[in-house]
*Asks:* 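Here it is, the structure, as structure tokens.
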2 protein chains.
Amino acid sequence: MQKAERQNKILEIINTNQIGSQGELTELLESKGFSVNQSSISRDLLELGVVKVHGAYAVPQKNNYASFGLISLEIAGDNLIVAKTDTGFAAAVCVRIDNAKIPEIVGTIAGEDTIFIAVRNQKEQRVVLKRVWEIFEN
Amino acid sequence: MQKAERQNKILEIINTNQIGSQGELTELLESKGFSVNQSSISRDLLELGVVKVHGAYAVPQKNNYASFGLISLEIAGDNLIVAKTDTGFAAAVCVRIDNAKIPEIVGTIAGEDTIFIAVRNQKEQRVVLKRVWEIFEN
DNA sequence: AAGATTATGCACATAATCTGCATAACCCAA
DNA sequence: TTGGGTTATGCAGATTATGTGCATAATCTT
């Protein structure tokens, strides 16, 4: 099985290149010896929680200085998103998320450095991932 | 698949009966409509962590002083685990869990006596359940 | 609205898990 | 130590789950 390997490579690629479409990514992978087509890429990106921001795919995970407390966003199951923040910042970050009034968010709960965001399904999960990420990226 | 169902029944049975052997348990299960043999029972008991004490099978009681606050672990949906702790201990227990850096754990949130542990799917749920339990059992 | 991009139902391939059988390993009383 | 009762396990086949491409639907962008 080469799925895991392929997904690692995908992360590597989108972290070092500006990838604008799945077709592009597919070609790159093929040129590196992976036999794969667009459908699988689509599913891989879904699994990895990769989203397209400003026209390029990106992993919503960054040690961006400007990101104000938010460290990473990760999906869990199909109705949860888990956000990691700097210690003590969860509440503050959560307030910003709540203020955005993203309709797909069913509810949020903040701990010390973690926030759970509940959504209804996978599709909403992706939407929220993207929206939240947009709030904090600069 | 009837494995999960069968294992639940096994727990129920050994909690309400004195079961002295796997053969005995096998018969009881068959009489309740489960088609199973001793080999599988053996494997089930192993998985469930059931042990024979004073000649009867029993689920090990975790009220162990060494368990340091953790009272129970329970699954919810297929991407959540809910841990109950002694009142006021949730944060402390949660720190121990976090420190274990279990990769399958997406995030944790501690309240007063409850911890939510987010994982990605059922498989990871099982892994985490086991690992967390291992942290607190010795 | 049209073309580009991404998602998905379906069918099939592959991999993982489950299970019984047979039997080995273990336990313990005498 | 031995023998009967009990439990564990290697193996092979059955069953389930996962991964994949194809064709095409749904969605997005302009």
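Order of the sequence lines sets the chain letters (A, B, ...), proteins ahead of strands, with each chain counted from 1.
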*Asks:* Take atom CG of A:Leu25 and atom P of C:dA7, then tell me their distance rounded to the nearest Å.
*Replies:* 12 Å
*Asks:* So, do B:Ile109 and B:Ile115 sit near enough that their side-chain heavy atoms are less than 4.5 Å apart?
*Replies:* no
*Asks:* Using a cut-off of strictly less than 4.0 Å, decide whether A:Tyr57 has a side-chain nitrogen or oxygen near OP1 or OP2 of C:dT5.
*Replies:* no
*Asks:* Are any of the side-chain nitrogens in A:Lys130 or A:Glu104 under 4.0 Å away from the carboxylate oxygens of its partner?
*Replies:* no
*Asks:* Between the two ends of the helix from C:dA1-D:dT30 to C:dA30-D:dT1, what is the bend in degrees, rounded to 10 degrees, where each end axis spans five pairs?
*Replies:* 60°
*Asks:* Heavy atoms, side chains only, cut-off 4.5 Å: are A:Leu11 and A:Val50 in contact?
*Replies:* yes
*Asks:* All N/O contacts under 3.5 Å from nucleotides 20-22 of chain C to the protein, with atom names and distances to one decimal?
*Replies:*
from	atom 1	to	atom 2	distance (Å)
C:dG20	OP1	B:Ser35	O	3.4
C:dG20	OP2	B:Asn37	N	3.4
C:dG20	OP2	B:Asn37	OD1	2.8
C:dG20	OP2	B:Ser40	OG	2.4
C:dG20	N7	B:Arg43	NH2	2.9
C:dG20	O6	B:Arg43	NH1	3.4
C:dG20	O6	B:Arg43	NH2	3.1
C:dC21	N4	B:Ser39	OG	3.1

*Asks:* Is A:Asn17 reaching over with its side chain to a backbone N or O of A:Ile19, donor-acceptor style, under 3.5 angstrom?
*Replies:* no
*Asks:* Return the value, rounded to whole Å, for the distance between atom NZ of A:Lys52 and atom C1' of C:dA4.
*Replies:* 9 Å
*Asks:* Which atom pairs, donor and acceptor, lie under 3.5 Å between side-chain atoms of residues 23-30 of chain B and protein residues at least two apart or in another chain?
*Replies:*
from	atom 1	to	atom 2	distance (Å)
B:Glu24	OE1	B:Gly20	N	3.1
B:Thr26	OG1	B:Gln22	O	2.6
B:Glu30	OE2	B:Val36	N	3.4

*Asks:* Is B:Lys3 salt-bridged to B:Glu47, cutoff N-O under 4.0 Å?
*Replies:* yes
*Asks:* Would you mind classifying the nucleic acid contact of A:Ser42 as base, sugar-phosphate or nothing, using non-hydrogen atoms under 4.0 angstrom?
*Replies:* base
